Amino acid sequence: MSINSKTFVGFDPRRVPSPCFVVDEVAVERNLKILNRVQQESGAKVLLALKAFSMFNLAPLVNRYLTGTCASGLHEARLGYEEFGGQLTGKEKREVHVFSAAYTQQDLSELLRFSDHVVFNSVQQWLRFQSQALQMKSERSSLAFGLRINPMHSEGAAAIYDPCAPGSRLGITAEEFARHTGSSDALNGISGLHFHTLCEQGFEPLDRTLAAVEDQFADYLPAMSWVNFGGGHHITHPEYDIDGLIQRIRRFQDKYNVQVYLEPGEAIAIHTGVLVSEVLDLVQNQRSLAILDTSATCHMPDTIEMPYRADVFLAPSEGGELAGEHAEKNNSYRLGGQTCLAGDVMGDYSFDQPLQIGQRLMFDDMSHYTMVKTSTFNGIGLPAIAVWNSITDEVNIVKEFGYEEFKNRLS
Ligand SMILES: Cc1ncc(COP(=O)(O)O)c(C=O)c1O
């Protein structure tokens, strides 16, 4: 067993403040190159899902390979526009796509000014804004509108991550689509369909999902110019069937004469970063407990929400050991944070040697969905953000946070 963010085996966590997210730009580029191969060989366009990884310090690197960004609402879309090349022109211009479960009038008005694709979650929302949208399109011809469909085809994701679970509010079922698009001009202005149904999945679940989409939405696909296959594709996983994906996209594009989009998030940032933390105290209550300067609830909420147990490893100077399960090694600890939440616990781990106060630990695979979800509950500080280059070994602390970030969210 070794860590997933392999390049970090040689990283000294004392080179950054603690806590700190450290992202290896070389590892990000490796992922981007794989995604770019999919673009080049399939003709699909690949977008970065900002909800998973919004690190705009690396936007120039992302822009070198991908077609643009996709957002979950106004603020992410603005970030895509301002920082990820959305406002550039010519070959530098990167696309800004947005999907939201529902838009406010105010947000939509702003989004229509700079977005390229705006995807609606219901026919009702589309019809509410259709005339405003078409008016804006007459001024900006690059603007395109789509509807998110829901093939109700679950591929085994946990219910909390399954947009096709019964009663899901995400996407329009085939039945609802037919019911609300009966009038002759309901689809006037809609040029694309979007679905997002997968979560950390290989090619085969996508293949089966496409069969469900083609079966249920056969009446509408021929009239579309683009279809967005959403995210959840584990394309940068070593076992992903990239050739299968490329062939399937090509067949789909040829059959319907559409532009296919993919919008992965995790695949761009997986295995690229760690969260460095420090042991602040070691106490005892029926077991050994270590209190760290990182918090599960503030800094790694997915470990509680999902839930999952992140891998932990030591600095190379301490052997780079990967922590074991509880009692697997001689020295077991429950690792927890500084907050008042009794359940602010990252998990149970064991080490060859006893932990020491002041020792640095690294939590593996913390770039995606972790950095974007941090909070300042209890006034806990946000981790700093650093970029490391595992080839040149250069470390750049790009941002540090303090009291102001806590205060500015409150009044
Ligand atoms: C609409 C949409 N697109 C893209 C993504 C990115 O998914 P992933 O990071 O799993 O690739 C998500 C994730 O929830 C999503 O909801």
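Indexing begins at 1, ligand by ligand and atom by atom, following the structure's order. Keep in mind that what you see is a predicted model, and the values were worked out from it rather than measured.
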Nearest atoms (heavy-atom pairs only) where Asp365 meets Asn4 = OD2-CB, 3.7 Å

Partner residues of Glu76 under the salt bridge (Lys or Arg N to Asp or Glu O under 4.0 Å) criterion, sequence neighbours left out |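 Counting only residues at least two positions away or on another chain, Glu76 forms no salt bridge (Lys or Arg N to Asp or Glu O under 4.0 Å).
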
Salt bridge (charged side-chain N to carboxylate O under 4.0 Å, His left out) pairs, two or more places apart, involving residues 30-48 = Arg37-Glu41, Arg37-Asp243, Lys45-Glu95

Does anything in residues 215-226 pair up under side chain to side chain donor-acceptor pair (under 3.5 Å), and if so which pairs, sequence neighbours excluded?
->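 For residues 215-226: Ser191-Trp226.
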
Under a 4.0 Å N-O cut-off, is there an ion pair linking Arg64 with Glu29?
->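 Salt bridge between Arg64 and Glu29, a charged N being under 4.0 Å from a carboxylate O: yes.
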
Could Glu176 and Arg179 be called an ion pair, given the rule that one side-chain N must be under 4.0 Å from one carboxylate O?
-> yes

First-shell residues of ligand 1 [heavy atom, distance under 4.0 Å] |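 The 4.0 Å shell around ligand 1 contains Ala49, Lys51, Ala52, Arg148, His194, His196, Gly231, Gly232, Glu263, Pro264, Gly265, Glu266, Tyr369.
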
